[in-house]
Amino acid sequence: VGDGDFTGMGRRFLDHFITVGGLRPDDRVLDVGCGIARMALPLTTFLTPSAEYWGSDPLPEGIAWCRAHVTSKFPNFHFDVADVWSKSYNRRGTILARDYVFPYRDESFDFVFATSVFTHLLPADAANYLANIARVLRPGGRSFVTWFLLNERSRISEAAQDFHYPAEPDAVCMAVSRVELEKAVAFEEQYVREAYRNCGLAMDEPVRYGRWARSDGGPAFQDIVVARKLPLDRARH
């Protein structure tokens with residue numbers, strides 16, 4: 001479930017979703033990589049009964065727990081198993097992340113978030129997930145994604161030096177482990193910016209850089225990128 005206090009982390013990210021991401025109580029929300037409801041639980045106190053929450057995760061045990069303990073009390077909260085294979089996190093999956101299609105309709109969500117998901121994806125996987133997020137977002141909808149971004153600011157930090165294994169031949173991202181590339185992955189910020197533009201997602205400025213690289217960062221440990229889906233006519237230009 002990640003480092004840190006389970007309940008406290010969820011509450012802090014709820015505040016980030018609202019103050020940084022613009023989450024509204026009546027939004028239709030998708031949680032990519034929901035785990036065992038670390039973000040879903042605090043959202044039950046914020047989203048109205050008319051709102052909808054959908055969470056997906058590769059681990060069936062976690063989804064079963066969420067259905068038993070969250071959906072049973074909040075019927076507008078739904079959880080799906082994502083049959084995605086990962087060498088580091090789910091060797092039982094049958095679909096590669098670069099080929100996975102989110103099982104949701106086009107333009108069906110107001111707010112999509114992925115916390116500590118893209119920090120475990122390789123370029124083709126990240127590009128596919130970002131394209132899926134753009135597809136399921138309504139025009140004007142917001143995405144909230146955390147990354148490790150490599151740039152002039154982060155590159156001089158000691159933490160960035162941990163990412164010293166090229167995860168791909170073109171080196172748009174670096175990993176902390178040569179054996180388990182997906183253990184932690186940092187992307188070149190310019191590559192990420194281009195990936196967002198290619199999907200028709202307009203990044204909010206400034207990026208909220210995290211504390212992973214510098215202690216004066218904030219508001220979170222990882223870098224937060226909030227973006228809005230452009231209308232089709234603007235996305236083409």
Side-chain angles (χ1 to χ4, degrees), residues 13 16-18 20-24 26-34 39-40 43 47 51-58 78-80 82-84 86 95-150 167-168 170 172-173 182 185-208 220 222-237:
F13 265 92
H16 300 334
F17 295 153
I18 298 168
V20 178
L23 177 67
R24 299 178 298 242
D26 59 348
D27 276 344
R28 195 168 192 264
V29 176
L30 174 61
D31 179 357
V32 181
C34 64
M39 305 305 172
L43 281 167
L47 296 178
E52 280 192 71
Y53 165 100
W54 292 81
S56 66
D57 196 86
H78 316 276
F79 298 90
D80 294 319
D83 187 22
V84 177
S86 167
I95 304 173
L96 295 176
R98 65 194 61 190
D99 299 322
Y100 183 65
V101 178
F102 292 3
Y104 308 106
R105 300 189 311 275
D106 295 0
E107 300 184 356
S108 56
F109 290 97
D110 304 296
F111 190 87
V112 179
F113 68 89
T115 57
S116 198
V117 173
F118 282 74
T119 52
H120 303 290
L121 297 178
L122 299 180
D125 307 324
N128 180 53
Y129 270 45
L130 201 59
N132 270 278
I133 288 174
R135 176 181 62 80
V136 302
L137 271 176
R138 293 172 177 149
R142 289 90 61 215
S143 66
F144 180 113
V145 178
T146 65
W147 302 79
F148 290 129
L149 296 175
L150 295 174
E168 292 285 342
D170 53 7
V172 297
C173 63
E182 296 164 309
V185 182
F187 280 84
E188 295 288 346
E189 181 174 333
Q190 187 57 40
Y191 172 82
V192 171
R193 289 181 173 276
E194 291 175 2
Y196 273 80
R197 284 195 293 270
N198 291 339
C199 291
L201 296 171
M203 289 172 53
D204 283 5
E205 299 291 354
V207 170
R208 282 74 171 185
Q222 297 178 5
D223 303 316
I224 296 174
V225 174
V226 173
R228 297 174 186 273
K229 182 175 180 177
L230 296 172
L232 184 60
D233 57 340
R234 291 185 60 191
R236 287 174 173 167
H237 293 84

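Proximity of Pro139 to Glu107: side-chain heavy atoms (C-beta onward) are separated by under 4.5 Å at one or more points. The shortest side-chain heavy-atom distance between Trp54 and Val136 does not fall under the 4.5 Å cut-off. When side chains are defined from C-beta on, Thr115 does not count as touching His16, because their heavy atoms never get closer than 4.5 Å. By the 4.5 Å heavy-atom criterion applied to side chains, Ser86 and Glu182 are counted as neighbours. Between Val32 and Phe102 the shortest side-chain heavy-atom distance falls below 4.5 Å.
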message: Run the side-chain contact (heavy atoms from CB on, under 4.5 Å) test on Asp27 and Phe17 for me, step by step, so that the C-alpha distance in whole Å, both residues' side-chain angles and the decisive distance to 0.1 Å come before the verdict.
response: CA-CA 12 Å; Asp27 276 344; Phe17 295 153; over 6 Å; no
- prompt: Could you walk me through whether Thr119 and Val185 pass the side-chain contact (heavy atoms from CB on, under 4.5 Å) check?
  reply: CA-CA 5 Å; Thr119 52; Val185 182; 5.8 Å; no
- prompt: Should Leu43 and Asp31 be marked as a side-chain contact (heavy atoms from CB on, under 4.5 Å) after you check the CA-CA gap, both sets of side-chain angles, and the distance that decides it?
  reply: CA-CA 11 Å; Leu43 281 167; Asp31 179 357; 5.6 Å; no
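In this structure a side-chain-to-backbone donor-acceptor pair under 3.5 Å is missing from Asp223 to Val207. One N or O on the side chain of Asn198 and one on the backbone of Glu194 form a donor-acceptor pair closer than 3.5 Å. The backbone N or O of Ala97 lies less than 3.5 Å from a partner atom in the side chain of Asn128, making a donor-acceptor pair. Judged by distance alone, the side chain of Lys229 and the main-chain N or O of Gly141 form no donor-acceptor pair under 3.5 Å.
Within the structure, every pair that satisfies the salt bridge (charged side-chain N to carboxylate O under 4.0 Å, His left out) test and touches residues 120-132, not counting sequence neighbours, is listed here: Arg98-Asp125.
Here the closest non-hydrogen pair linking Arg142 and Gly22 is NH2-O, 2.8 Å. The two residues Ala202 and Leu230 make their nearest non-hydrogen contact at CB-CD2, 3.8 Å. Ala126 and Phe187 get closest at one heavy-atom pair: CB-CZ, 3.9 Å. Nearest heavy atom pair, residue Ala227 against residue Leu201, reads CB-CB, 4.1 Å. Nearest heavy atoms, Asp204 versus Arg228: OD1-NE, 3.9 Å.
Distance check, rounded to the nearest 0.5 Å: CZ of Phe111 to CG of Leu137 gives 9.5 Å. Rounded to the nearest 0.5 angstrom, Ser56 OG and His78 NE2 are separated by 13.5 Å. Interatomic distance, SG of Cys173 versus CG of Leu150, reported as 9.0 Å (0.5 Å rounding). Rounding to the nearest 0.5 Å gives a distance of 9.0 Å between CG of Asp80 and CG of Leu30. How far CD1 of Ile133 is from SG of Cys199: 9.0 Å, rounded to the nearest 0.5 Å.
Taking the six-membered ring where tryptophan is involved, the planes of Phe13 and Phe144 are perpendicular, since the angle between them exceeds 60° and thus also 30°. Classification of the Tyr104-Phe109 ring pair by plane angle, with boundaries at 30° and 60°, yields perpendicular.
A search for side-chain hydrogen bond (donor to acceptor under 3.5 Å, both in side chains) contacts involving Arg208 returns nothing, not counting sequence neighbours. Contacts of Glu188 classified as side-chain hydrogen bond (donor to acceptor under 3.5 Å, both in side chains), with partners at least two apart in sequence or in another chain: Arg155.
Residues Phe148 and Phe118 keep their aromatic ring centres 6.0 Å or farther apart.
Taking the charged nitrogens against the carboxylate oxygens, Arg28 and Asp110 have no contact shorter than 4.0 Å, which rules out a salt bridge.
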